[in-house]
Number of protein chains: 2
Amino acid sequence: MPIKDAPLAASNDEDISLGRLGEFVGFRLRRIQNHLSSEFSTETGRYGLRPGEFSALAIISANPGLSQVMLSREVGLDKSATVMVVDDLEKHGFAERRRSPVDRRRHALYTTEKGEAVLSAMFDKLATVERDVLTALEPDDLHLLNALLDRIYKTAFRG
Amino acid sequence: MPIKDAPLAASNDEDISLGRLGEFVGFRLRRIQNHLSSEFSTETGRYGLRPGEFSALAIISANPGLSQVMLSREVGLDKSATVMVVDDLEKHGFAERRRSPVDRRRHALYTTEKGEAVLSAMFDKLATVERDVLTALEPDDLHLLNALLDRIYKTAFRG
DNA sequence: TATTGTTATACTCTATAACTATA
DNA sequence: TATAGTTATAGAGTATAACAATA
């Protein structure tokens, strides 16, 4: 009776157990988000952007004229990191800084036409990527999932 | 009629809009997971571990004797990065390498008693952290959320 | 004094490539 | 030849601290 190749408790992939780790929502979130973000990264990379820069561009687009500190808070970066993000967006011609007329310390941020076009194309592409990942869920389930996630976010981090 | 301080479209926090970004599940996942992982990081740090090392220790505990490449795949790291993770776990006395008796290239990984004790304490603490974050959800909702996330993971990344 | 944006810098995390020892 | 583990190294990504301009 030959013992194939698996004399140890966990020698092949199927055997891997999560133990108590499987009890954590945080673990499940990270697992899915890791995969999603690596696919996102591939797509945004086609336009020369990193995922964080895409998010920043999207926030600027949705909030024309916002300042860099506001952008920083929204994307969860330090303001110094945001400087480089905006530098890069300007270098690509996707966004621009204008001096705020009311507070000359501030830069008011705006997207360019080119930035809007690229953003639109990326949104479409990313929606496709996400749809492929979420095939397991019917539209109703998807709404439910979003509602649950929003409730967590609002209660725990905004409430 | 004084115009307080907000002459621009998005000058104070409440005004910030997500635009199409709000359509993406990936965005919601990342937002929550960012917060959770920074709180996790604080807690695991009390024991001298980074979140990735905690996960690795948990996986070793649940799969005694597994090899470093198996661990790598499970935690989503390159095998070279795993070397350093295991080095650190050994340094803390939380885990140990033993030569695999069946394949002398392999290291069979095991937790120590000390490692198990610390792991248990961390699990308890992290469960508390997570419970605080998830107060918005009733137990039923929580189960639902986990089920949805598992379905996504299995279908998209394992199926 | 406090805030906005900036620079310089350092640190963490992770991947790549080249190596060794085994298989 | 291929795989497990290791080392050295380099590249992201991000934070901290100090600074200039402005409020």
Side-chain angles (χ1 to χ4, degrees), chain A residues 4-8 10-13 30 34 37-38 40-42 44-45 48-56 60 65-91 95-109, chain B residues 4-8 10-13 30 34 37-38 40-42 44-45 48-56 60 65-91 95-109:
Chain A
K4 273 178 59 184
D5 182 40
L8 299 172
S11 285
N12 64 61
D13 285 18
R30 187 159 55 88
N34 278 351
S37 76
S38 80
F40 270 40
S41 184
T42 304
T44 60
L49 295 184
R50 287 159 290 181
E53 295 178 340
F54 163 75
S55 301
I60 295 170
L66 89 169
S67 71
Q68 291 186 192
V69 281
M70 284 189 284
L71 178 59
S72 302
R73 199 166 328 153
E74 200 58 24
V75 298
L77 288 179
D78 187 84
K79 57 183 177 150
S80 66
T82 300
V83 172
M84 289 179 283
V85 168
V86 177
D87 281 352
D88 214 47
L89 291 177
E90 276 198 322
K91 213 174 298 165
E96 60 185 33
R97 293 168 162 105
R98 303 186 201 152
R99 271 291 158 199
S100 163
V102 289
D103 183 340
R104 290 179 40 229
R105 291 173 304 183
R106 291 189 194 169
H107 280 150
L109 304 175
Chain B
K4 274 178 59 184
D5 182 40
L8 299 174
S11 285
N12 65 62
D13 283 17
R30 186 158 56 89
N34 278 350
S37 76
S38 81
F40 270 39
S41 184
T42 303
T44 60
L49 294 185
R50 287 158 291 181
E53 295 178 338
F54 162 75
S55 301
I60 295 170
L66 90 170
S67 71
Q68 291 186 193
V69 282
M70 286 189 284
L71 177 59
S72 303
R73 200 166 326 155
E74 201 58 24
V75 298
L77 289 179
D78 186 83
K79 58 183 177 153
S80 66
T82 300
V83 172
M84 288 179 285
V85 168
V86 176
D87 281 352
D88 216 46
L89 291 177
E90 276 200 322
K91 212 173 300 164
E96 60 186 31
R97 293 168 163 106
R98 303 185 201 153
R99 272 290 159 198
S100 164
V102 290
D103 183 340
R104 292 183 34 234
R105 291 173 304 183
R106 290 188 195 171
H107 281 148
L109 304 175

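Labels below follow one simple rule: chain letters A, B, ... track the order of the sequence lines, proteins then strands, and each chain is numbered from 1. Just so it is clear, the structure is predicted and the values come from calculations on it, not from any experiment.
Taking atom CZ on B/Arg106 and atom C1' on D/dA2, their separation rounds to 13 Å, with Å as the unit. Atom-to-atom, CE of B/Met70 to C1' of D/dT3 comes out at 13 Å; the value is rounded to the nearest Å. Atom CG in B/Asp88 sits roughly 16 Å away from atom C1' in D/dT6 (whole-Å rounding). Rounded to an integer number of Å, the gap from B/Arg50 CZ to D/dG13 P is 19 Å.
For A/Arg50, the salt bridge (charged side-chain N to carboxylate O under 4.0 Å, His left out) partners are A/Glu53, A/Asp88, not counting sequence neighbours. A search for side-chain hydrogen bond (donor to acceptor under 3.5 Å, both in side chains) contacts involving A/Thr44 returns nothing, not counting sequence neighbours. Applying the side-chain hydrogen bond (donor to acceptor under 3.5 Å, both in side chains) rule to B/Arg98 yields the partners B/Glu96; only residues at least two apart in sequence or on another chain are considered. By the side-chain hydrogen bond (donor to acceptor under 3.5 Å, both in side chains) test, B/Asp87 pairs with B/Arg97, sequence neighbours left out. In this structure B/Ser72 satisfies the side chain to side chain contact (heavy atoms under 4.5 Å, CB included) test together with B/Lys79, B/Thr82, sequence neighbours excluded. Partners of A/Phe40 under the ring pair (Phe, Tyr, Trp, His ring centres under 6.0 Å) rule, at least two apart in sequence or in another chain, do not exist in this structure. Remark: A/Arg99 engages no residue in a salt bridge (charged side-chain N to carboxylate O under 4.0 Å, His left out) (not counting sequence neighbours).
When each of A/Ser41 and B/His107 is assigned the nucleotide of DNA chain D bearing its nearest heavy atom, the one mapping closer to the 5' terminus is B/His107.
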request  = Could you please spell out the steps behind the side-chain contact (heavy atoms from CB on, under 4.5 Å) verdict for A/Leu77 and A/Leu71?
outcome  = CA-CA 8 Å; A/Leu77 288 179; A/Leu71 178 59; over 6 Å; no

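Mapping heavy-atom proximity under 4.0 Å, the span of DNA chain C touched by chain A runs 5' to 3' from C/dA2 to C/dT7.
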With B for base contact, S for sugar-phosphate-only contact and - for none (protein heavy atoms under 4.0 Å), nucleotides 14-23 of chain D reads BBBB---BBS

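Nucleic acid contact class of A/Val69 (heavy atoms, under 4.0 Å, all strands): sugar-phosphate only.
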